[in-house]
Amino acid sequence: MRYWLMKSEPNVYSFDDLLKDGRTMWDSIRNYQARNFMRDDMKIGDQVLFYHSNAKPPGVAGIAEVVSEPYPDPVQFDPASNYHDPKSDPDNPRWILVDVKPVEALPRFVSLEELRGAKSLSEMPLLQRGQRLSIQPVTAAQFRAVRKMASKKPAASSGS
DNA sequence: GCCAACGTTGGC
DNA sequence: GCCAACGTTGGC
């Protein structure tokens, strides 16, 4: 089993939205590297850190799970969508996605600031300079470390 | 709103 | 294939 971090802007689609929906298509990803992770590397049962980006504060809100094989993102063929891709050939779709479902809301939100402060996470892609991918692999150890942080009180931070 | 860091596009 | 211009991401 593999572990991932997937970013979503909560004002667009939050972890609460996923809890409400019970399942969702991870659509509108228009980055080849992120697509390749979904198409080539994700397996049903993989565990996902659901990350709120462009949020105040940004951080991990919950755990999700991959629940489908990869399949074409239907949004790419929708001319009304911002994520329509007129260059994508229906016989050979360019954009591929998977479905995810919620596993649990974390006992508490773990902010980006707190992640940055954890030595065990220093290698996490999210925390590397210039890393902007919206889908990133994380190691089992990193996944467990985040989960564990969420079950404990926040460490004292230098700020505020 | 700023802007650094990347990714993509398209002329050549 | 190079690379300048442009667009996007996302923390701050």
Side-chain angles (χ1 to χ4, degrees), chain A residues 2-19 21 24-42 46-64 66 70-100 102 105-106 108-139 142-143 145-150 153-160:
Chain A
R2 298 198 191 198
Y3 298 88
W4 307 92
L5 179 143
M6 296 169 89
K7 298 181 187 174
S8 185
E9 301 190 20
N11 62 338
V12 177
Y13 196 85
S14 69
F15 189 73
D16 279 345
D17 291 327
L18 182 61
L19 284 171
D21 292 347
T24 196
M25 289 190 303
W26 206 260
D27 61 36
S28 306
I29 300 299
R30 297 292 178 265
N31 171 282
Y32 288 104
Q33 223 178 323
R35 176 207 66 184
N36 291 349
F37 283 137
M38 290 198 285
R39 186 189 63 187
D40 304 334
D41 299 320
M42 281 189 180
D46 283 3
Q47 300 291 295
V48 176
L49 298 172
F50 193 110
Y51 179 86
H52 282 176
S53 63
N54 250 324
K56 293 180 184 175
V60 178
I63 309 271
V66 176
Y71 64 98
D73 179 350
V75 172
Q76 69 194 305
F77 302 120
D78 175 5
S81 169
N82 283 341
Y83 296 95
H84 177 230
D85 184 352
K87 293 183 186 168
S88 183
D89 175 1
D91 293 328
N92 184 21
R94 182 178 290 185
W95 304 111
I96 303 296
L97 55 67
V98 297
D99 290 353
V100 302
L106 288 177
R108 66 176 181 83
F109 184 83
V110 182
S111 71
L112 176 61
E113 179 188 22
E114 193 178 348
L115 296 174
R116 287 198 191 284
K119 286 199 180 68
S120 57
L121 298 178
S122 61
E123 305 291 314
M124 200 178 186
L126 178 76
L127 307 181
Q128 307 311 308
R129 182 159 207 262
Q131 181 53 265
R132 298 176 311 165
L133 260 188
S134 65
I135 298 178
Q136 309 177 351
V138 300
T139 66
Q142 289 161 353
F143 184 91
V146 174
R147 181 63 187 77
K148 194 171 177 181
M149 288 166 76
K153 287 183 181 175
S157 86
S158 51
S160 61

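Here is how names work: the chains are called A, B, and so on, in the same order as the sequence lines, proteins then strands, and each is numbered from 1.
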*Distance-minimising heavy-atom pair for A/R132 and A/K7*: O-NZ, 3.3 Å
_Residues forming a side-chain contact (heavy atoms from CB on, under 4.5 Å) with A/S111, sequence neighbours excluded_ = A/P57, A/F109, A/E113, A/E114
*Please identify each residue that fulfils side-chain contact (heavy atoms from CB on, under 4.5 Å) with A/R30, with sequence neighbours left out.*
A/D73, A/V75, A/Q76, A/Y83, A/W95
*Which pairs with one or both residues in residues 117-127 of chain A pass salt bridge (charged side-chain N to carboxylate O under 4.0 Å, His left out), sequence neighbours excluded?*
none
_Pairs touching residues 79-95 of chain A that satisfy salt bridge (charged side-chain N to carboxylate O under 4.0 Å, His left out), sequence neighbours left out_ = A/D85-A/R94
*asked:* With nearest nucleotide decided by heavy atoms, which residue, A/N54 or A/G130, maps closer to the 5′ end of DNA chain B?
replied: A/N54
*For A/D41, side chain to side chain donor-acceptor pair (under 3.5 Å) partners two or more places apart*: none
Please tabulate, one pair per line, each protein N/O and nucleotide N/O from nucleotides 1-3 of chain C that are separated by under 3.5 Å, including the distance.
none

*Using side-chain contact (heavy atoms from CB on, under 4.5 Å) as the criterion, list what pairs up with A/D21, not counting sequence neighbours.*
A/Y13
*Residues in ring-ring contact (aromatic ring centres under 6.0 Å, His included) with A/F50, at least two apart?*
A/F15, A/W26, A/H52
*Which letter, B, S or -, goes with each nucleotide of nucleotides 7-12 of chain B from 5' to 3', with contact meaning a protein heavy atom under 4.0 Å?*
SS-S--
